[in-house]
Amino acid sequence: RAHAIKKRFPYQSNDSMRDAINKGEVEFVDFHLSHVAQVMRYGFVEKCNTAIVEALDVTNDGKIYLTMSGGMSATYLRMASRVLIEINRQYDGSLKGIHDVYLPNPPPHRAPIPIYHPSDRIGTPFVEVNPDKIVGIVETNLPSGNGTFRAPDSVSMAIAAHILDFIQHEQKVGRMPKHLPFQSGVGNVANAVLSTMAQCPTIDPVTMFTEVIQDSIFELIDADKFEFASTCSLTLSPEGEQRFRKEANVLSDKFVIRQQEVSNNPELIRRLGVIAMNTALEMDIFGNVNSTHVFGSKMMNGIGGSGDFCRNSYISIFMAPSIAKGGDISAVVPMVTHVDHNEHSVQAVVTEQGFADVRGLAPVARARRIIEKCAHPDYKDQLTEYLEYG
């Protein structure tokens with residue numbers, strides 16, 4: 001709003017920023033989140049001169065204890081020549097042990113990341129910098145300012161029910177081991193999936209290896225359906241953040257906040273067998289997914305970590321309501337207007353109409369299944385006509 005930002009990457013979810021990007025006032029470069037830290041450290045993009053970071057404490061010898069997000073903070077703080085720290089007094093010392101800060105070495109000296117369960121800790125609970133780089137410390141006492149999530153509607157709950165039915169069926173027939181960790185994307189549909197899990201009496205307690213944790217985690221906790229969560233950020237509503245701060249002494253042992261190049265690391269996602277559930281703006285009948293651009297040209301938020309998880313998960317699921325704008329737009333289309341995740345990576349798509357498992361299907365068979373299972377009845381005939389044309 002102050003017109004002080006020239007370039008932004010890799011992701012955003014702010015209305016004013018989105019408007020500036022789509023007006024061309026801010027250059028937006030969309031990155032997979034797992035790539036950004038090393039791209040920055042390798043010097044492929046502009047040098048980071050100044051880092052501004054929110055913390056709950058800083059020591060005289062340069063140990064910085066972060067608040068509710070890991071993100072890229074450790075990389076920015078390492079590379080910047082000047083560091084500014086905002087101490088937020090909303091948070092007390094009960095959060096001090098929740099972070100696990102670990103940065104991989106550069107190739108050819110990079111070793112495997114020794115995480116074998118989402119609860120493993122391999123780093124430090126702080127980021128350490130040379131105190132001489134710290135040029136300013138300011139204090140504040142403000143919540144993060146995240147919005148309030150809407151209660152799941154009937155469409156979101158139907159999508160969630162289809163996903164849960166699929167997972168339980170796959171476990172029953174032996175194609176999906178129990179106790180695999182889950183990843184859930186951002187938004188109300190993602191929240192609804194976890195809410196449905198909390199209400200299901202036959203599902204085992206859930207472990208998360210994800211990028212973002214939202215308010216639905218409390219439903220899992222209250223239903224005794226929660227084991228542990230590894231994340232990059234706790235993106236909670238004001239009410240959720242207040243509860244987390246109040247119960248931090250107990251809850252912090254059930255969470256770890258990592259740097260995003262670890263939380264989204266492709267090798268870890270593949271090895272841990274993460275079940276990935278992400279939101280699509282639209283999907284086409286062949287299984288390509290657009291998760292970033294409205295009508296192919298207007299940026300929404302960015303790809304975030306959806307590509308990291310889509311390409312490398314045990315199974316990759318994309319979800320969306322079948323229609324938008326009161327039924328004037330179908331979310332299942334002949335061809336997506338922008339491709340973020342191609343048909344070679346997407347394994348399943350789901351709307352409130354149904355769940356389409358497209359693993360192992362040739363293109364035409366895939367298209368018929370997506371039309372049959374996921375398209376709204378108002379659009380099935382048109383989509384079938386497109387498929388059969390010529």
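For the single chain, residues carry numbers from 1 onward in sequence order.
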Just by modelled atom types, is the Ala74 backbone N or O under 3.5 Å from a matching donor or acceptor in the Gln259 side chain? yes
Is there a side-chain contact between Leu383 and Lys380 in this structure, where contact means two heavy atoms from C-beta onward sitting under 4.5 Å apart? no
Strictly distance-based, threshold 3.5 Å: is any side-chain N or O of Lys133 a donor or acceptor partner for the main-chain N or O of Leu77? yes
Does Arg1, at its CZ atom, have more than 12 non-hydrogen atoms belonging to other residues, nucleotides or ligands within less than 6.0 Å? no
Is Met72 reachable from Leu66 through a run of I, L, V, M, F, W or Y residues, each pair having side-chain heavy atoms under 4.5 Å apart? no
Assess the residue pair Asp165 and His169 against the criterion (side-chain contact (heavy atoms from CB on, under 4.5 Å)); give the C-alpha distance rounded to whole Å, side-chain angles, the decisive distance to 0.1 Å, and a yes or no. CA-CA 6 Å; Asp165 285 346; His169 175 264; over 6 Å; no
Should Ile257 and Phe218 be regarded as members of a common hydrophobic cluster, given that ILVMFWY residues are connected when their side-chain heavy atoms come within less than 4.5 Å of each other, either directly or indirectly? yes
Taken to the nearest 0.5 Å, the spacing of Asp308 CG from Gln260 CD works out to 8.5 Å
Ile167 and Met176: side-chain contact (heavy atoms from CB on, under 4.5 Å), yes or no, with the steps? CA-CA 8 Å; Ile167 290 170; Met176 182 182 292; 3.9 Å; yes
Where is the tightest heavy-atom contact between Lys47 and Met79, given as atom of each residue plus distance? NZ-O, 3.4 Å
Would Arg258 and Asp100 satisfy salt bridge (Lys or Arg N to Asp or Glu O under 4.0 Å), going step by step from the backbone distance to the final call? CA-CA 5 Å; Arg258 307 187 190 276; Asp100 186 60; 3.1 Å; yes
Linking I/L/V/M/F/W/Y whenever their side-chain heavy atoms sit closer than 4.5 Å, directly or via other members, would Ile52 and Val135 fall into one cluster? yes
side-chain contact (heavy atoms from CB on, under 4.5 Å) evaluation trace for Glu211 with Thr231: CA-CA 5 Å; Glu211 173 193 326; Thr231 186; 5.7 Å; no
Closer than 4.0 angstrom, basic N to acidic O: yes or no for Arg41 and Glu261? yes
Mark yes or no for whether Arg366, through its side chain, and Leu361, through its backbone, hold a donor-acceptor pair below 3.5 Å. yes
How about Phe28 and Tyr11: are their ring centroids closer than 6.0 Å? no
More than 12 non-hydrogen atoms from neighbouring residues, nucleotides or ligands closer than 6.0 Å to CZ on Arg245, yes or no? yes
Under 4.5 Å between any side-chain heavy atoms of Ile315 and Glu170, yes or no? no
In terms of the angle between their ring planes, are Phe166 and Phe355 parallel, tilted or perpendicular, with boundaries placed at 30° and 60°? parallel
Checking Ser34 against Asn265: is there a side-chain donor and acceptor pair closer than 3.5 Å? no
Do we see a donor-acceptor contact under 3.5 Å between the side chains of Ser306 and His341? yes
Side-chain donor-acceptor contact under 3.5 Å, Thr67 with Glu54: yes
Just so I know, are the side chains of Met40 and Val45 near enough to count as touching, which here means a heavy-atom distance under 4.5 Å? yes
Between the side chain of Arg89 and the main-chain N/O of Asn141, is any donor-acceptor distance below 3.5 Å? no
Using only heavy-atom distances, determine whether the side chains of Asn88 and Thr140 contain a donor-acceptor pair under 3.5 Å. no
Between Thr202 and Gln168, do the side chains contain an N or O donor and an N or O acceptor separated by less than 3.5 Å? yes
With a 3.5 Å cut-off and no angle check, do the side chains of Asn301 and Arg18 form a donor-acceptor pair? yes
Count I, L, V, M, F, W, Y as connected when their side-chain heavy atoms are under 4.5 Å apart, and connections chain through other members. Are Leu33 and Phe9 then in the same cluster? no
To the nearest 0.5 Å, how far apart are CG in Leu272 and OH in Tyr314? 13.5 Å
Can the positive tip of Lys254 be found less than 6.0 Å from the middle of the six-membered ring of Phe228, inside 45° of the ring normal? no
Between Ala229 and Ile213, which heavy-atom pair has the shortest distance, and what is it? CB-CD1, 3.9 Å
Modelled atom types, side-chain donor and acceptor of Glu219 and Ser195, under 3.5 Å: yes
Charged N to carboxylate O under 4.0 angstrom, Arg243 versus Glu239? no
Side chains of Gln353 and Thr351: is there a donor and an acceptor less than 3.5 Å apart? no
Does any non-hydrogen side-chain atom of Phe255 lie less than 4.5 Å from one of Leu234? yes
Give the C-alpha distance, both sets of side-chain angles, the deciding distance and a yes or no for side-chain contact (heavy atoms from CB on, under 4.5 Å) between Val289 and Val336. CA-CA 7 Å; Val289 167; Val336 289; 5.8 Å; no
Check: Ala37 main-chain N/O paired with Thr75 side-chain donor or acceptor under 3.5 Å: no
Find out if a path of hydrophobic residues (ILVMFWY) with successive side-chain heavy-atom gaps under 4.5 Å connects Phe209 to Val212. no
Are a donor atom and an acceptor atom from the side chains of Glu352 and Ser322 found within less than 3.5 Å of each other? yes
Least distance between heavy atoms, Tyr42 atom then Pro106 atom: CE2-CB, 4.4 Å
Over 12 non-hydrogen atoms of neighbours within 6.0 angstrom of CZ in Arg82: no
Quick check on Gln242: does its CD atom have over 12 non-hydrogen neighbours (other residues, nucleotides or ligands) under 6.0 Å away? no
The complete set of ring pair (Phe, Tyr, Trp, His ring centres under 6.0 Å) pairs with one or both residues in residues 68-121, sequence neighbours excluded, reads none
Tabulate below the donor-acceptor pairs under 3.5 Å that side-chain atoms of residues 367-378 make, not counting sequence neighbours, or state none.
residue: Arg368; atom: NH1; partner: Glu388; partner atom: OE2; Å: 3.2
residue: Arg369; atom: NH1; partner: Asp357; partner atom: O; Å: 2.7
residue: His376; atom: ND1; partner: Asp378; partner atom: N; Å: 3.1

Give a yes or no answer on whether the side chain of Thr210 reaches the backbone of Ser184 with a donor-acceptor pair at less than 3.5 Å. yes
Knowing that exactly one of Thr292, Ile21, Leu281 qualifies, which makes a side chain to side chain contact (heavy atoms under 4.5 Å, CB included) with Met300? Leu281
Would you confirm whether Asn278, through its side chain, and Phe318, through its main-chain N or O, come within 3.5 Å as a donor-acceptor pair? no
Examine the side chains of Glu241 and Ser144 and answer whether a donor and an acceptor come within less than 3.5 Å of each other. yes
What are the two closest non-hydrogen atoms of Pro181 and Pro118, and how far apart are they? CB-CG, 4.0 Å
Short side-chain to backbone donor-acceptor contact, Asn342 and Asn288, under 3.5 Å: no
Contact between Tyr379 and Val333 at the side-chain level, heavy atoms closer than 4.5 Å - yes or no? no
Any side-chain heavy-atom pair of Met157 and Asp153 under 4.5 Å: no
Non-hydrogen side-chain atoms of Val186 and Thr279 separated by less than 4.5 Å: no
Heavy-atom side-chain proximity of Leu95 to Tyr65 below 4.5 angstrom: no
Quick check for you: to the nearest 0.5 Å, what is the distance between Leu56 atom CG and Lys96 atom NZ? 7.0 Å
Under 3.5 Å: donor-acceptor pair, side chain of Gln347, backbone of Ser316: yes
Inspect the surroundings of CG in Asn130 and state if more than 12 heavy atoms from other residues, nucleotides or ligands are less than 6.0 Å away. yes
Do side-chain atoms of Lys225 reach the backbone of Asp204 as a donor and acceptor pair under 3.5 angstrom? no
